[in-house]
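Taking it in order: structure first as structure tokens, then the write-up.
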Amino acid sequence: MKNVPKSNFQSTVYSVVASIPRGSVATYGQIAELAGRPGAARAVGTCMRNNKDTHTVPCHRVVASNGTLAGYAYGDGLSTKKKLLQKEGVSFKTNGTTVDLKANQWQPKRSR
DNA sequence: CGACTGACCTCGC
DNA sequence: GGCGAGGCCAGTC
């Protein structure tokens, strides 16, 4: 059944990613920080790769710090990821592989 | 239990 | 502004 969190960290990461509102995107570093482990962006990516529930954990809403689509282990990869984001109302740059963070980056608390 | 990898991030040239 | 190397965290083999 769906994904079965083995570690607390993974569970936290899933909760954060699942908390991202539709039409917004968050960076790995931001998720890692919200998960309680700032700087563990790689660990977040590791968990996402093992993620089995793309519907419960919209990993496609997670992008790199610069807004570029890091990766996607489902569908056609980044192509599907980009398509999903566009369907949710996320704006993309001219290259077509970068998200407009200043317009779609998720802000959990409205700070900084 | 030990070591390598990986959907990253930041600094340097 | 683009390319390259190093470092940090967690997971999997």
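Here is the naming used below: chain letters follow the sequence lines, and residue numbers restart at 1 for every chain.
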Rounded distance (Å) that lies between atom [atom2] of [N] and atom [atom1] of [X]:
X: A:Leu101; N: B:dC9; atom1: CG; atom2: P; answer: 10 Å
X: A:Asn50; N: B:dC8; atom1: CG; atom2: P; answer: 14 Å
X: A:Arg49; N: B:dC8; atom1: CZ; atom2: P; answer: 11 Å
X: A:Arg42; N: B:dC4; atom1: CZ; atom2: C1'; answer: 11 Å

Exam field: side chain [X] to backbone [Y], donor-acceptor pair closer than 3.5 Å:
X: A:Glu88; Y: A:Lys83; value: no
X: A:Ser7; Y: A:Gln10; value: no
X: A:Thr68; Y: A:Ala64; value: no
X: A:Thr80; Y: A:Asp76; value: yes
X: A:Asn51; Y: A:Cys47; value: no

*Sugar-phosphate, base or nothing in reach of A:Tyr28, heavy atoms under 4.0 Å*: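 Base contact.
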
_Sugar-phosphate, base or nothing in reach of A:Arg37, heavy atoms under 4.0 Å_ =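 Touches sugar-phosphate only.
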
*Taking side chain as C-beta onward, heavy atoms only, is A:Arg61 less than 4.5 Å from A:Val17?*
no

*Any side-chain heavy-atom pair of A:Lys82 and A:Thr97 under 4.5 Å*: no

*So which of residues 57-72 of chain A are in contact with DNA chain B, with a heavy-atom cut-off of under 4.0 Å?*
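DNA chain B contact set from residues 57-72 of chain A: A:Cys59, A:Ala64, A:Ser65, A:Ala70, A:Gly71.
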
*asked:* I'd like the 5' and 3' limits of the part of DNA chain C contacted by chain A, with heavy-atom contacts below 4.0 Å.
replied: C:dG7 to C:dT12

*Using the side chain to side chain donor-acceptor pair (under 3.5 Å) rule, take A:Thr98 and A:Asn95 through it: C-alpha gap first, then chi angles, then the decisive distance, then the call.*
CA-CA 7 Å; A:Thr98 309; A:Asn95 55 11; 2.6 Å; yes

*5' precedence on DNA chain B between A:Thr46 and A:Gly39 (nearest-nucleotide basis)*: A:Thr46

